[in-house]
Amino acid sequence: MKRGLLSLFMLLLASSIVMSGCSGKNTESPSTPQGGGNSSGSTDSSKPVEISVFAVQESGIDIPANKFTKHMEEQFNIKFKWQINPSDGAKEKRQISLASGDYPDAYLLTHYIDEFSQADVLKYGQQGVLVPLNDLIEQHGPNIKAAMEATPEMKALVTAPDGNIYGLGSYTECFHCSYPNKMWINTEWLKKLNLEEPTTTEEFRSMLQAFKTQDPNGNGKADEVPLSGSTEDFGVRIIPYLMNSFVYDDDRNYLTMNGGKVESAAITPEWKEGLAYIKSLYDEGLIDPGAFTQNAEAFKKIGENADAEILGAGAGMHPAIFVNIDPGNTRSAHYNPLSPLSGPNGISYATHDAGGVSPGAKFVITNKASEEARVALIKMVDYMFTPEGQTNAATGMKGIDWTDPEPGDQALGEGVTPMVKTIPMKEGEAPHNAGWSGMGHFYMPKEYRDTWVQGTDIYASDGYERRLYNASLLYQGHEPKEIFPIWSIWIDPSVIDEASMLQTNLKNYIEQNQLQFITGNKDLNKDWDAYVKGLQDLKLDRYLEILQTAYDQSAK
C-alpha cells in the first residue's frame, strides 16, 4: 500500500513540476492545490468564510502575513481570524481557552510545542467540544483517506477507541530521529592514537581510557573529556546507549516486551549489570559528571571549547547538538557515529521509536465551527496531505524555499527519484515567511522524505541529512523484535489519569536511582533489593497491567 501511495505522491508532484516548468524555474506554486475534484480549491465565489484559529507562532514567522497563509485563504475561500500565541506557555493558554468556553473554531498546533495529548483528545471529544472528522474526511478528504489506507499505523494513531477521529496528528517518519540514542566518537583521536573503533563495551572502556590519558589533542594538558552528554530528550543521555549492551533501554519509560507481555527493564538482573558497568566508567573518571545534570547548551560548550578540542565521545541524535556544523567549522567532521556495542552476553540493542510520530492531535475542529468552516478546514488540511501541499506548508512556497531538482541532483533515499530541492537562504537574508514550519507538518512518511535532494558530501551543510541517514543505518536492525509502542496505544479514559500519575512517579524513581547507583550514593549490592521494593510500592505491577490491557485492545 505504501508503494501505491508513493506512486500517487510522485505523480502529483511530477505534475506540479511539469506545470511550473512551463513558465520557467523558481516560480510560485501552481494556483490550484493538488487533490482533484471538490476536495481542492473552493469554486464558491461568495464571501470568504471567517474561521477563528488558535495557533503558535514560531521564530521568523508572521502567520497573518505569511505567504502560505495567503495561499490557503485564496484557494479555500477562507478569512482567518488568528489567535496567535508564543511558544512559551502555549499549552497553558490552550487549556485556559477550552476551560473558559471561549474557544475558537479550530486549533492548528505544532506537534513539538503544544499538541493535544491522547487524554485531551478523548476528554474533549467525548464531551462534544471536538467534532469527529470521520464524515468530513470521507466526503472532502481523499488525500487523508489515501494516507490512512497506505499507512494503517497512522489510522490507528488517530482513531479513538470509540471509532471516532477527533483530530489529526503529525505523521513525520524521520528515519534518523527513530534511532535517537547514537554515540559520536572523535575519529581523529582514534587515528592519532592508532586505535580501532570499539565494538564491545570493554573496547569502549579502553578507548575512553586512551582519550583520558594519552593527550590526543596534543596540548600537553590532561584536559580531555572522554565522554559527555546532557539531559534532554533528543538522544543526549549517555545511559541508554551504554545500557543497550545489557538490556533494552527505551530512554523513556524503561519498558520491554516478551512474547506479547509488557515488562519493566529496570528491575532485571541485566539492568543491574548495566548500571555496574556504567558506574565502573564513572569511577575511572571516563564520564563527565556534568552529563547527568547539564543542558545541551553546556554540552556544546565542551564540544566547542575555545582553547582546545577536548571532547572524545558525545551522545546525541546528531552531532550539531554538541559541535558546530556551519560552513567553516573545524571539528564537525571529527565526530562520526559508533555502531551499537556488544555487551558481555552478546547483547547489542539500539533505542528505536516512531521517529517523530507521536500520539495526540495537532489539528482539531471544535463545535463552534459552522458547517461551511468545517468543510473549508478539512479541504485545507487535505491539501497538506499531498506532497506539494506538505512541502509548501512545512518548508515554504515553491520558488521561494524549494524548487525542482536539476540533472545530477541525488535524493536522500538510495535509488529514489529526487523531487524536492530546497533553496538555501543567503547570508544576512531576512526570513522568507513563506511557510508554516511545524504548524504545517501533517504527512511526511519516509518515502516522501527520501525524495528530497541532499548533497553527497556528508560533512557539508547540504549533505547533513545524508550524514544522519547513513549514521542511522548502523543502528537499523539492532532494535528488539518486540518493542512496546507506547507512542501509539490508547489507554482507557477511565484509567488514564491513574496511568499518567504512575508513569511520572515510576520514571522519576528509576532515573533518580540509576544516577545514585552510578555515582555511588547508593550501593548496587546493598541497596538493590530496596530499590526493587520501591518500584513495587509505587505500583509498578498496576502500571504494567494498565499498559497490557491497552496493548491487548489495540492489537484486536
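From a predicted model like this one, the values you see are computed outputs, not experimental measurements.
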Peer 1: Tell me every residue that passes side chain to side chain contact (heavy atoms under 4.5 Å, CB included) with Lys123, counting only those two or more places apart in sequence or in another chain.
Peer 2: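 With neighbours one apart ignored, the set is Gln127.
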Peer 1: Go through the steps for Trp436 and Thr69 under the test side chain to side chain donor-acceptor pair (under 3.5 Å), then give the verdict.
Peer 2: CA-CA 8 Å; Trp436 284 351; Thr69 299; 2.8 Å; yes
Peer 1: Indicate whether any N or O donor in one side chain lies under 3.5 Å from an N or O acceptor in the other, for Thr386 and Glu388.
Peer 2: no
Peer 1: Please check if atom CG in Asp88 has more than 12 non-hydrogen atoms from other residues, nucleotides or ligands closer than 6.0 Å.
Peer 2: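 At most 12 heavy atoms, drawn from other residues, nucleotides or ligands, come within 6.0 Å of this atom.
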Peer 1: May I ask you to check whether Asn181 and Asp251 show a side-chain donor-acceptor distance below 3.5 Å?
Peer 2: yes
Peer 1: Cut-off 3.5 Å, side chains only: do Tyr383 and Gln390 have a donor facing an acceptor?
Peer 2: no
Peer 1: Could you check Glu232 against Ser230 for side chain to side chain donor-acceptor pair (under 3.5 Å), going step by step and ending with a plain yes or no?
Peer 2: CA-CA 6 Å; Glu232 293 89 353; Ser230 59; 2.7 Å; yes
Peer 1: Do the side-chain N and O atoms of His176 and His318 include a donor-acceptor pair separated by under 3.5 angstrom?
Peer 2: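 The criterion, which ignores hydrogens and geometry beyond distance, is not satisfied for His318 and His176.
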Peer 1: Could you tell me whether the side chains of Trp402 and Asn392 share a donor-acceptor contact shorter than 3.5 Å?
Peer 2: yes
Peer 1: Do we see a donor-acceptor contact under 3.5 Å between the side chains of Tyr103 and Asn367?
Peer 2: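 Yes, because at least one side-chain N or O of Tyr103 sits under 3.5 Å from a partner of the opposite role on Asn367.
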Peer 1: Search all heavy atoms of Met425 against all heavy atoms of Ala430 and return the closest pair with its distance.
Peer 2: CE-O, 3.3 Å
Peer 1: What closest approach, in Å, do Ala369 and Arg374 show between heavy atoms, and which atom pair accounts for it?
Peer 2: O-NE, 3.0 Å
Peer 1: Search all heavy atoms of Asp450 against all heavy atoms of Ala411 and return the closest pair with its distance.
Peer 2: O-CB, 3.3 Å
Peer 1: Does any donor atom in the side chain of Ser52 or Asp105 lie under 3.5 Å from an acceptor atom in the other side chain?
Peer 2: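 Yes, because at least one side-chain N or O of Ser52 sits under 3.5 Å from a partner of the opposite role on Asp105.
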Peer 1: Would you call Glu74 and Lys70 a salt bridge, using N to O less than 4.0 angstrom?
Peer 2: no
Peer 1: For the OG1 atom of Thr403 and the CD1 atom of Ile423, what is their distance to the nearest 0.5 Å?
Peer 2: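 With rounding to 0.5 Å, OG1 (Thr403) is 5.0 Å from CD1 (Ile423).
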Peer 1: Can you tell me if Asp552 and Thr549 form a side-chain donor-acceptor pair at under 3.5 Å?
Peer 2: no
Peer 1: Before giving the answer on side-chain contact (heavy atoms from CB on, under 4.5 Å), spell out for Val49 and Phe76 the whole-Å C-alpha distance, their side-chain angles and the decisive distance to 0.1 Å.
Peer 2: CA-CA 9 Å; Val49 56; Phe76 298 101; over 6 Å; no
Peer 1: Under 3.5 Å, is there a donor-acceptor pair linking the side chains of Ser170 and Tyr112?
Peer 2: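 No donor-acceptor contact under 3.5 Å links the two side chains.
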Peer 1: What distance separates Lys368 NZ from Ile51 CD1, expressed to the nearest 0.5 Å?
Peer 2: 15.0 Å
Peer 1: Just checking, Lys362 and Tyr107: is the charged tip under 6.0 Å from the six-membered ring centre and within 45° of the axis?
Peer 2: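 Judged by the rule, Lys362 and Tyr107 form no cation-pi pair.
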Peer 1: Decide yes or no on side-chain contact (heavy atoms from CB on, under 4.5 Å) for Ile144 and Met148, but give the supporting numbers first.
Peer 2: CA-CA 6 Å; Ile144 301 173; Met148 289 194 294; 4.1 Å; yes
Peer 1: Are the aromatic rings of His478 and Tyr349 close, with centres under 6.0 Å apart?
Peer 2: no
Peer 1: For Tyr448 and Thr391, which I'm curious about, is there any donor-acceptor pair between the side chains at under 3.5 Å?
Peer 2: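 The answer is yes; a qualifying pair exists.
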Peer 1: Do Ile400 and Phe68 come close enough that some side-chain heavy atom pair is under 4.5 Å?
Peer 2: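 With C-beta onward as the side chain, the pair stays apart.
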Peer 1: Side chains of Lys182 and Ser472, heavy atoms from C-beta outward: is any pair under 4.5 Å?
Peer 2: yes
Peer 1: Can you confirm whether the side chains of Asn324 and Lys300 place a donor and an acceptor under 3.5 Å from each other?
Peer 2: yes
Peer 1: As a quick check of understanding, evaluate side-chain contact (heavy atoms from CB on, under 4.5 Å) for Leu377 and Ile365, giving each step before the final call.
Peer 2: CA-CA 8 Å; Leu377 283 164; Ile365 299 175; 4.0 Å; yes
Peer 1: Could you check whether Lys446 makes a cation-pi contact with Phe175, meaning its NZ or CZ is under 6.0 Å from the centre of the six-membered ring and within 45° of the ring axis?
Peer 2: yes
Peer 1: Rounded to the nearest 0.5 Å, how far apart are CD of Gln454 and CG of Leu468?
Peer 2: 8.5 Å
Peer 1: For the OG atom of Ser100 and the CD atom of Gln95, what is their distance to the nearest 0.5 Å?
Peer 2: 11.0 Å
Peer 1: Could you walk me through whether Arg94 and Asp120 pass salt bridge (Lys or Arg N to Asp or Glu O under 4.0 Å), step by step?
Peer 2: CA-CA 11 Å; Arg94 184 197 73 209; Asp120 290 332; 3.1 Å; yes
Peer 1: If you define the side chain from C-beta out and look only at heavy atoms, does anything of Asn134 sit under 4.5 Å from Asn164?
Peer 2: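 Answer yes - side chains close enough.
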Peer 1: Go through the steps to decide whether Asn244 and Thr351 satisfy the test side chain to side chain donor-acceptor pair (under 3.5 Å), and finish with yes or no.
Peer 2: CA-CA 7 Å; Asn244 271 318; Thr351 302; 2.9 Å; yes
Peer 1: Is the number of heavy atoms from other residues, nucleotides or ligands within 6.0 Å of CD (Glu414) greater than 12?
Peer 2: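 Counting neighbours around CD of Glu414, 12 or fewer heavy atoms of other residues, nucleotides or ligands fall under 6.0 Å, so no.
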Peer 1: Among all residues two or more places apart in sequence or in another chain, which pass the side chain to side chain contact (heavy atoms under 4.5 Å, CB included) test with Asp250?
Peer 2: Tyr248, Arg252, Asn253, Tyr254, Leu255
Peer 1: Any salt bridge (charged side-chain N to carboxylate O under 4.0 Å, His left out) pairs touching residues 481-503, not counting sequence neighbours?
Peer 2: Glu498-Arg542
Peer 1: Could you tell me which non-hydrogen atom of Ser87 sits nearest to which non-hydrogen atom of Ile113, and how far apart they are?
Peer 2: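 Looking at all heavy atoms of both residues, the closest pair is OG-CD1, 3.5 Å.
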Peer 1: The test is side-chain contact (heavy atoms from CB on, under 4.5 Å); show your working for Ile321 and Phe299 and say whether it passes.
Peer 2: CA-CA 8 Å; Ile321 295 167; Phe299 183 20; 4.2 Å; yes
Peer 1: Measuring only between side-chain heavy atoms, which start at C-beta, is Asp353 closer than 4.5 Å to Pro180?
Peer 2: yes
Peer 1: Cut-off 3.5 Å, side chains only: do Asn433 and Asp62 have a donor facing an acceptor?
Peer 2: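 The criterion, which ignores hydrogens and geometry beyond distance, is not satisfied for Asp62 and Asn433.
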Peer 1: Is it true that, when you exclude Lys91 itself, more than 12 heavy atoms of the residues, nucleotides or ligands shown sit nearer than 6.0 Å to its NZ?
Peer 2: no
Peer 1: Quick check on side chain to side chain contact (heavy atoms under 4.5 Å, CB included): which of Leu412, Val453, Asn470 does Glu465 satisfy it with?
Peer 2: Leu412
Peer 1: Are any of the side-chain heavy atoms of Ser117 and Val121 separated by less than 4.5 Å?
Peer 2: no
Peer 1: State whether Arg466 and Asp462 are salt-bridged, where the test is any N-O pair (Lys NZ or Arg NE/NH1/NH2 against Asp/Glu carboxylate O) under 4.0 Å.
Peer 2: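 No, Arg466 and Asp462 are not salt-bridged.
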Peer 1: With rounding to the nearest 0.5 Å, note down the distance linking CZ in Phe442 to CG in Leu168.
Peer 2: 6.5 Å
Peer 1: Check Trp487 against Leu157 and note the closest heavy-atom contact, atom names and distance.
Peer 2: O-CD1, 3.4 Å
Peer 1: Can you confirm whether more than 12 heavy atoms, excluding those of Lys507, are under 6.0 Å from its NZ atom?
Peer 2: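 Result for NZ/Lys507: enclosed.
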Peer 1: Walk me through it: do Tyr443 and Thr172 pass the test side chain to side chain donor-acceptor pair (under 3.5 Å)?
Peer 2: CA-CA 6 Å; Tyr443 188 57; Thr172 58; over 6 Å; no
Peer 1: Side-chain contact test, heavy atoms from C-beta onward, threshold under 4.5 Å: evaluate it for Asn505 versus Tyr543 and give yes or no.
Peer 2: no
Peer 1: Between Glu173 and Tyr171, is any side-chain donor less than 3.5 angstrom from a side-chain acceptor?
Peer 2: yes
Peer 1: Minimum heavy-atom separation for Gly413 and Tyr469, please, with both atom names.
Peer 2: CA-OH, 4.3 Å
Peer 1: Looking at Lys145 and Asp382, is any side-chain nitrogen of the basic one under 4.0 Å from a carboxylate oxygen of the acidic one?
Peer 2: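 Not counted as a salt bridge, because no side-chain N and carboxylate O are separated by less than 4.0 Å.
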